[in-house]
Amino acid sequence: MTNPVNLRSTPKAIRSTIKNIAEIVSNSNYVVGMTGAGMSVESGIPPFRGADGLWTKYGTPHMNGYSDFKQDPSGWWKRRINEEIDSHIVELRDALNSAAPHAGHFALAKLEKQGNMQSLITQNIDALDEKAGITNLIEIHGNRTKLRCIDCGDRVSLGDFVPLYAPDACKKCDGIVKFDTVMFGEPIPYDVMKAARAEIDKADCVLAIGTSATVRPASGLFWIAKAAGANIIEINPSKTKLTSICAVSLHSTAGETLPRLVEALSN
Ligand code: APR
């Protein structure tokens, strides 16, 4: 993906666009937020694509992570324990370990609390939305603080599990356990995809925040919402594949604009 054009809006343009977004949101019946890596950039976590993206820096990882894991789960854990992992994982993991929610995450929690956003679907695995207090949350690419059984789908928190050994088999069905984070080549767990689709089918407004909208099936949800007549509103300093189908595109950052959207909606 070529580097998206960074369009940073002028303060005047941001002010009037936020007003416009607030109007659409307050006139909507069911607003679903959908965030991507850009939502956590202001928490110090690098995005994947674009100028500062991990894939831009290290190249896109191979897409058969999940098939490697399924072929030989204990070998996969052994390689991970011996830190035979890609440098982008090390950089991402260090950023994730020290990240905290920023004003934008707390603003989304406020939008939910004041009834201006009914649910949030996040592509991020950083658990920052949960930490910020968002409750109706669908983590479509999983949550790095959880383990998941790939046979029955049971999820448990990492708790005191440290990946120095392969985790025990699933307590519920004796199945194979992996990190909840969805690997490349891994299908989105059925329960999560079903829940995300159900939210999108109810939405008449979708807030696309900090996502390049390039990775299916998550990104396909935007087009499904659009086809059903929902307003797509984008908050992203750069143009994306979504921009042309948006009712409004605000070229600014999540941390800067979401608190101002909360303010505009509480007046
Ligand atoms: N505020 C809002 N948006 C931002 C900010 C910011 N502060 N900084 C960057 N962005 C935008 C970028 O312009 C870009 O469009 O966030 C977007 C990040 O895009 P990606 O890195 O492609 O992230 P995402 O869309 O979440 O990728 C989807 O790809 O690699 C997989 O599993 C990974 O969940 C991820 C999926």
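Both counts, for ligands and for their atoms, begin at 1 and track the order of listing.
Here the shortest heavy-atom distance to atom 13 (O) of ligand 1, taken over Asn236, Thr240, Leu92, belongs to Asn236. Of the listed residues (Gly210, Ala213, Gly36), the one carrying the non-hydrogen atom nearest atom 18 (C) of ligand 1 is Gly210. In this structure, of Ala218, Ser212, Gly53, the residue bringing a heavy atom nearest to atom 22 (O) of ligand 1 is Ser212. The closest heavy-atom contact to atom 24 (P) of ligand 1, among the options Pro47, Pro61, Ala37, comes from Ala37.
Residues Glu91 and Pro46 meet the side-chain proximity criterion, which asks for heavy atoms closer than 4.5 Å. Taking 4.5 Å as the limit, every side-chain heavy atom of Val32 sits out of range of all side-chain heavy atoms of Lys202. Contact check for Leu120 versus Glu199: no side-chain heavy atoms found under the 4.5 Å cut-off. At least one side-chain heavy atom of Thr35 sits less than 4.5 Å from a side-chain heavy atom of Asn124. With a 4.5 Å cut-off on side-chain heavy atoms, Pro47 and Trp55 do not count as touching.
Residues passing the salt bridge (charged side-chain N to carboxylate O under 4.0 Å, His left out) test with Arg197 are Asp201, sequence neighbours excluded.
Relative ring orientation between Phe69 and Trp76 is described as perpendicular, the plane-to-plane angle rising above 60° on a 0-90° scale split at 30° and 60°.
In summary, the atoms of ligand 1 found under 4.0 Å from a heavy atom of Trp55, numbered by their order in the structure, are 30 (O). When each atom of ligand 1 is checked for a heavy atom of Ser238 under 4.0 Å away, the hits are 13 (O). Close contacts between ligand 1 and Phe184 involve ligand atoms 30 (O) [criterion: under 4.0 Å to a heavy atom].
In Glu42, the part holding a heavy atom less than 4.0 Å from any atom of ligand 1 is the side chain. At a heavy-atom distance under 4.0 Å, atoms from both the backbone and the side chain of Arg49 approach ligand 1. The backbone and the side chain of Thr211 each have at least one atom closer than 4.0 Å to an atom of ligand 1 (non-hydrogen atoms only). Heavy atoms of Val215 found under 4.0 angstrom from ligand 1 belong exclusively to the side chain.
By the neighbour-count criterion of 12 heavy atoms within 6.0 Å, atom NZ of Lys110 is sparsely surrounded, having that number or fewer from other residues, nucleotides or ligands.
Put simply, part of Pro237 is less than 4.0 Å from ligand 1, judged by heavy atoms.
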